[in-house]
Student: 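Mind having a look at this structure? Questions to follow.
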Amino acid sequence: MSKGITSKSDDYSQWYNDIVIKADLAEHSSVKGCMVIKPYGYSIWEKMQAVLDHKFKETGHSNAYFPLFIPKSYFSKEAAHVEGFATECAVVTHYRLKNDGNGNIVVDETAKLEEELIVRPTSETIIWNTYRGWIESYRDLPILINQWANVVRWEMRTRLFLRTTEFLWQEGHTAHATSAEAIEETEKMINVYADFVENWMAVPVVKGKKTASERFAGALDTYCIEALMQDGKALQAGTSHFLGQNFAKAFDVKFTSKEGKLEHVWATSWGVSTRLMGALIMSHSDDAGLVLPPKLAPIQVVIVPIYRNSDDLDKITTFVDELIPKLKGLGISVKYDDRDSQRPGFKFAEYELKGVPVRLAIGARDMENQTVELARRDTKEKSTVPQQGLEIYIANLLQEIQDNIYNKALQFRETHITEANSYDEFKTLLDTKTGFIAAHWDGTAETEKRIKDETKATIRCIPLNNKLEDGVCMVTGKPSTQRVLFARAY
RNA sequence: CGGGGUGUAGCGUAGCCCGGUAUCGCGCCACAUUUGGGAUGUGGAGGUCGUAGGUUCGAAUCCUGCCACCCCGACCA
């Protein structure tokens, strides 16, 4: 197939890495576990940010920014929270370097911080410590804030985009007067995420709730969206947490209600990260490289001229110069690649690798016939299309491609949700068919852990609006009222 | 933290066992011919062989220490 890309069926993991590197999305930096997001990869992230940011603002949120550093003592204030993050924190202990006299730069031991600073793995603590000063009355509520930031989690093992030591994300942190309002916010935001992932990224998701043991550290309830990758493994694409009054209590954030009573504030937090890039790459791409949904492709249409002499090129360029404004007028991003330094075949391969949804090739033959050659990335089909009305044709085609890759992913997902009625069947499905497995579970953490230890499968979620169905736990035989979704996950 | 691997030109590599100043491919630069699926020819540039020390007349090669990164697992978004 393509030069230098490992086939998906040979080695899925290597295939993924190859696409990230060869499509010029990111590269490993010289710092362990940290990556450099390259311009092409970053431009995709910027498109994601733009859409999400708009949705957050439409739902009443504002952006703000809180410090990168968090005093260590803040972490110990919420017991479950510190437990969840303690083992993966980067800690700043000194604030100065010095020359040791032998030409080496060393830490100046005399410049030791009185209290260590944690590089934020998430910002609940610093934000709730700040909110204490902002909230006195029910009139100050709700507070609906989002922050775009980088965070650091010192994971043992990293993977480009899917899990890096430092990653980019957004984290929403809201404060409410009532439990009901906070829960409504939590649900609203998981729906915003699902809408974005499905309708922009073209990745179908299952909305659900996490079990107690899979919850965010410090949350009373964690809602999530779970996507299924082409290798049959699940990927958590976004989470929205109902934090109850845990952080308000830990940071002493109270307000006076309409009734004049002093009460603790109710909280939510929600986030998606550059991990979504990983989901995007893995969901649609093939052995020829990246496949991007038109709605997030930095370049939606690329035009490659094919010519033998400058006369040919001039004619083509004249046509293209008229076409580009028409496309742009319809909101379509277009690149005219008239580099003379590369031949057409090279360009075709390059834009396939980079996942550009539509490619036009225009040569002398086309100019004579008033046509263009159009190739779509998702199906790799080529066709000859009239120049007349081309921009309309392309606008429609982009939507068709968006729908097509979504439906393809949806079909894969639908055929990879399988019911298992015994533990043996469950294990066989995990090893052979993979994907989500819907099974009865007795609701205990013990059984959940046993399944995880024995099969590496976790409960991805209890789907929202799950249909109730009496059954018995596939492991213990105890009664169960609904099936939950298991899978091996990233 | 365990297991495995790698470190030699921008990238990928050979050479290492058996010591004598680094091979090949891609890429890069120039020129020409090319241009409807990853062009061809000719010429050219590019190297602290991860790092520190040791052995030796001489080290990419042998010895010792150190460092870094990648992959697999445990942890996790």
Student: Say we look at B/C49 and B/G5: how far apart would their P atoms be, to the nearest angstrom?
Tutor: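 Per the computed distance, 25 Å lies between those P atoms.
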Student: Does B/C76 have OP1 or OP2 under 4.0 Å away from a side-chain N or O of A/Lys452?
Tutor: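 For B/C76, OP1 or OP2 has a side-chain N or O of A/Lys452 closer than 4.0 Å.
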Student: Any side-chain N or O of A/Asn17 under 4.0 Å from OP1/OP2 of B/C70?
Tutor: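 False: A/Asn17 side-chain N/O out of range (4.0 Å or more) of B/C70 OP1/OP2.
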Student: Passes side chain to side chain contact (heavy atoms under 4.5 Å, CB included), A/Tyr423 versus A/Arg450? Steps please.
Tutor: CA-CA 12 Å; A/Tyr423 197 28; A/Arg450 180 179 155 193; 4.2 Å; yes
Student: Pick the P atom in B/G58 and in B/G47, then give their distance to the nearest Å.
Tutor: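 The same atom, P, in both gives a distance of 26 Å.
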Student: Applying a 4.0 Å non-hydrogen cut-off, can you work out what A/Ser13 is touching in the nucleic acid: base, sugar-phosphate, or nothing?
Tutor: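 Counting heavy atoms under 4.0 Å across all strands, the contact made by A/Ser13 is with sugar-phosphate only.
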Student: Classify A/Asp366 by what it touches in the nucleic acid, base, sugar-phosphate, or nothing, heavy-atom distance under 4.0 Å.
Tutor: base
Student: For B/C29 versus B/C76, give the span between their P atoms, rounded off to a whole number of Å.
Tutor: 49 Å
Student: Does A/Arg163 place a side-chain N or O at less than 4.0 Å from the phosphate oxygens OP1/OP2 of B/C76?
Tutor: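 A/Arg163 to B/C76 OP1/OP2: no side-chain N or O under 4.0 Å.
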Student: Could you give me the CA-CA distance, side-chain angles and deciding distance for A/Asp53 and A/Trp148, then say whether side-chain hydrogen bond (donor to acceptor under 3.5 Å, both in side chains) is met?
Tutor: CA-CA 9 Å; A/Asp53 198 64; A/Trp148 288 97; 2.8 Å; yes
Student: Can you check whether any acceptor in the base of B/G38 is under 3.5 Å from a donor in the side chain of A/Glu350, or vice versa?
Tutor: no
Student: Report the C-alpha distance between A/Trp270 and A/Thr186 in whole Å, list the side-chain angles of each, state the deciding distance to 0.1 Å, and finish with yes or no for side chain to side chain contact (heavy atoms under 4.5 Å, CB included).
Tutor: CA-CA 8 Å; A/Trp270 28 273; A/Thr186 311; over 6 Å; no
Student: Quantified in whole Å, what is the P atom distance between nucleotide B/G73 and nucleotide B/U61?
Tutor: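 One P to the other, the span is 35 Å.
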Student: Measure CG/A/Asp337 against P/B/G38 and give the value in whole Å, please.
Tutor: 16 Å
Student: Whole-Å distance between B/U40 P and A/Gln342 CD?
Tutor: 13 Å
Student: Under 6.0 Å between ring centres: does that hold for A/His173 and A/Tyr131?
Tutor: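 Here the rings of A/Tyr131 and A/His173 have centres that are no less than 6.0 Å from each other.
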Student: If you measure from the P atom in B/G7 to the same atom in B/C16, how many Å do you get, rounded?
Tutor: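 About 14 Å, rounded to a whole number of Å.
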Student: Once you apply a heavy-atom cut-off of 4.0 Å, does A/Glu373 come out as touching a base, just sugar-phosphate, or nothing?
Tutor: base
Student: Would you say the base of B/G36 and the side-chain of A/Lys347 have a donor-acceptor pair closer than 3.5 Å?
Tutor: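 There is none.
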Student: When you compare B/U48 with B/A60, how far apart are their P atoms, in angstrom units rounded to a whole number?
Tutor: 13 Å
Student: Take atom C1' in B/G46 and the same atom in B/U8, then report the distance between them in whole Å.
Tutor: 14 Å
Student: Provide, to the nearest angstrom, the distance between the NE2 atom belonging to A/His28 and the P atom belonging to B/G7.
Tutor: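 Those two atoms, NE2 and P, are 16 Å apart.
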Student: Take atom C1' in B/G2 and the same atom in B/A45, then report the distance between them in whole Å.
Tutor: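 It comes out at 46 Å once rounded to the nearest Å.
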Student: Side chain of A/Arg308 only, please: which of B/A77, B/U35, B/G37 is the nearest?
Tutor: B/U35
Student: Could you tell me the separation between the CG atom of A/Asp11 and the P atom of B/C70, rounded to a whole number of Å?
Tutor: 17 Å
Student: I want to verify a distance call: between B/G37, B/A77, B/G38, whose nearest atom is closest to the A/Glu155 side chain?
Tutor: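 In terms of side-chain proximity for A/Glu155, the closest of B/G37, B/A77, B/G38 is B/A77.
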Student: State the pairing partner of B/C28; accept Watson-Crick or G-U wobble contacts with both distances under 3.5 Å, and report none otherwise.
Tutor: B/G44
Student: Report yes if the distance between the aromatic ring centroids of A/Phe85 and A/Phe216 is under 6.0 Å, otherwise no.
Tutor: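 Centroid separation for A/Phe85 and A/Phe216: below 6.0 Å.
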Student: Are A/Tyr223 and A/His241 close enough that their ring centres sit under 6.0 Å apart?
Tutor: no
Student: Between B/A77 atom P and A/Met189 atom CE, what is the distance in whole Å?
Tutor: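 Computing the A/Met189:CE to B/A77:P distance gives 19 Å.
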Student: With a 4.0 Å limit, can you tell me whether A/Arg343 has a side-chain N or O closer than that to the phosphate oxygens OP1/OP2 of B/G36?
Tutor: yes
